[in-house]
Every structure is written in structure tokens, then in C-alpha cells.
Amino acid sequence: MQPASVAPSPSAASALPALSWKLLPAALVCGSAVLLFGVQIPLAGYAVLLLGVASAWIVDRTLFRDLLLIALGLVIISTISLEANIDYPNMALFAVVLGSAVAVPYLVQRFAYRERVIRFPWRGSGRWTRAQWIYLGAVVVMAIVLLPVYFISSGSYQNWPAVHEPDAVIRLFIGVNAVGIWDELFFICTVFTLLCRHFPVWLANGLQAVVFVSFLWELGYQSWGPLLTIPFALVQGAIFRMTRSLSYVVTVHLLFDLVVFLVIVYAHNPEWFGG
């Protein structure tokens with residue numbers, strides 16, 4: 001049995017070279033998400049993904065194993081449409097497919113590789129600091145200021161189904177928040193953590209943001225949405241790296257998603273709010 005591996009410490013990760021042959025396969029694997037989810041050209045996306053994994057085999061076998069895990073997740077996600085649909089069957093399909101995209105890389109890494117790199121550290125380093133609590137307040141303010149302008153002015157709220165009945169409103173709330181939690185499990189705890197084994201934190205964060213933002217584009221954050229989702233993805237990665245707390249990045253995400261939910265409901269039903 002091989003000894004369990006762990007992700008590099010922040011100081012060790014910062015010492016990793018930014019420019020090396022490892023960057024090419026990693027960029028291909030992460031860039032395939034643009035084709036798979038952004039512009040939605042699946043055949044080209046799979047070709048780039050395969051090329052990235054194959055080139056990693058030549059460059060570095062450890063990188064190959066880690067990129068293979070990311071590729072497995074991307075392929076699983078690509079088997080369904082990511083357009084927002086809160087019908088009961090589609091929500092069940094989302095749960096199975098997205099859950100598998102997290103579970104399969106974790107199980108392969110844990111039982112086939114016998115490593116423990118992918119982790120879900122709920123508590124992190126312990127109690128949240130005053131700065132972390134202040135940031136949560138700032139998150140709410142930024143969400144309230146920015147998200148209504150984005151969704152309504154761009155018309156992107158129409159990428160989510162119009163909800164008029166209580167049952168539909170509840171399903172929208174559950175769907176928005178469930179996907180928000182999943183985002184952190186896959187893009188941050190899985191993709192970002194694996195990339196941090198091979199690249200400086202800033203570069204690993206940029207690579208995971210490409211995948212994160214591509215997914216969010218197909219989900220519905222289109223028009224000028226990337227101006228919001230790119231900084232959000234980068235900040236979430238940086239916060240997780242600093243705090244090692246899944247509970248904190250999930251809380252940040254859910255605060256944003258609460259405002260997202262309210263804006264979508266308002267945009268479809270302004271009369272409910274006296275509009």
C-alpha cells in the first residue's frame with residue numbers, strides 16, 4: 001500500500017514553477033471546459049480533453065493521474081444539459097450526475113490511487129475571525145448592489161424558469177443552493193486542490209476559474225456575467241486556500257445565491273414585491 005499523499009503546503013505550492021511543460025496539458029484539460037460548457041462544441045471539447053490527458057502521460061505521471069480525475073469529472077458533467085430546469089426528473093438527474101462528478105474522482109483517488117489529496121474540510125482551521133465575519137457582510141452588500149443590475153439589465157434572469165407557484169419557488173431555491181454547494185465541492189475542493197499539487201496557487205486558481213466560469217456560463221450566467229463570475233471564482237479559490245474551510249466558502253457562496261434566488265423571483269414576479 002502506498003502512503004497517503006497530501007496537498008502541498010502554501011509555502012511549498014508557491015515554490016512550484018509557473019512555466020513548465022506541465023502547464024500545457026493542464027491548460028488543455030481546463031480549457032476543454034470552454035468548449036464543453038461555454039461554446040458547447042462537445043466533440044472538440046472531448047478531443048482537447050483527451051489531448052491534455054495524453055500529453056500529461058508524457059510529461060509527468062503524477063500530473064496525468066490528477067488531470068485524469070479532473071477529466072473524469074468533466075466528462076460526467078458533460079453528459080447532461082446544464083440549462084436551468086427545475087422539473088422534478090431533471091433535478092433528480094442533476095443530483096445523480098453532479099454528485100457522481102464529485103464522488104467518482106474522490107473514490108478513484110482514495111481507493112485506486114490510495115491517496116488523500118481531495119478533502120472536504122468542513123471546519124477548516126477553527127472559529128472564523130472577525131475579518132471573515134466582516135467579509136460575509138460585505139458579500140451581502142456586494143450581491144445586493146451588483147446582482148439585480150446584472151440579471152435584470154442583461155435579461156439573464158430569463159435563463160432560469162419563471163416561477164409563479166409556491167412549489168416551483170421552493171424547487172428553485174433548493175436547486176440554486178444545491179448547485180452552489182456542489183460548485184465548491186468540485187471546482188474548489190477537487191479541481192483547485194489537485195492543481196495546487198503542480199502549480200503555484202495563483203496559477204492553479206486561474207486554471208480552476210476557467211472550468212468554474214465555463215460551467216456557470218452554460219448554467220445561465222451569460223451576457224456580461226463573466227465580469228462577475230471570474231472574480232467570484234478566483235476569490236473563492238483564494239479564500240479556501242487561506243482558510244482551508246469548506247464551511248466558510250460555502251457560506252459565502254450561499255449568501256450570493258440567496259440574492260440570486262430573490263432577484264430571479266423578483267424579475268419574474270415584480271408584482272409580488274409591489275413592482
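Atom CG of L74 is separated from atom CG of L35 by 11.5 Å, given to the nearest 0.5 angstrom. Atom CH2 of W217 is separated from atom OG1 of T229 by 9.0 Å, given to the nearest 0.5 angstrom. Note that CD of Q40 is 7.0 Å distant from OG of S81, once rounded to the nearest 0.5 Å. In this structure, CZ in F94 is found 8.0 Å from CG in N85, a value given to the nearest 0.5 Å. The line from CD1 of I264 to OH of Y266 is 14.5 Å long, rounded to the nearest 0.5 Å. The line from CG of L63 to CG of L68 is 11.0 Å long, rounded to the nearest 0.5 Å.
For the residue pair D66/Y113, the side-chain donor-acceptor check at 3.5 Å is not satisfied. Side-chain contact check for S223 and Y150: no donor-acceptor pair (N or O, by modelled atom type) lies under 3.5 Å.
Y106 has its ring centre less than 6.0 Å from the ring centre of F120. You'll find the ring centres of F199 and F192 outside the 6.0 Å limit.
Ring geometry for Y248 versus Y135: interplanar angle of 30 to 60°, hence tilted. Ring geometry for F212 against F187 counts as parallel: the plane angle stays under 30°, on a 0 to 90° scale with 60° as the upper cut.
Residues W21 and L207 do not share a hydrophobic cluster, clusters being chains of Ile/Leu/Val/Met/Phe/Trp/Tyr side chains in contact below 4.5 Å. Grouping the Ile, Leu, Val, Met, Phe, Trp and Tyr side chains by contacts below 4.5 angstrom, directly or via other members, places L28 apart from L19.
Of the possible polar contacts, one joining the Q236 side chain to the V249 backbone as a donor-acceptor pair under 3.5 Å is found. Panel note: side chain T193, backbone I118; no donor-acceptor pair is recorded below 3.5 Å. The main-chain N or O of T129 is found under 3.5 Å from a side-chain atom of Q132 such that the two form a donor-acceptor pair. A side-chain donor-acceptor contact under 3.5 Å links D60 to the backbone of T62. In terms of modelled atom types and a separation under 3.5 Å, the side chain of H268 and the main chain of W160 share a donor-acceptor contact.
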Practice prompt. Starting from the C-alpha separation in whole Å, work towards a yes-or-no answer on side chain to side chain contact (heavy atoms under 4.5 Å, CB included) for S245 and W122.
Written response: CA-CA 6 Å; S245 173; W122 184 250; over 6 Å; no
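Between E165 and R171, no side-chain nitrogen of the basic residue sits less than 4.0 Å from a carboxylate oxygen of the acidic one, so the salt-bridge criterion is not met.
Residues I188 and A233 share a closest heavy-atom pair of CD1-O, 4.5 Å.
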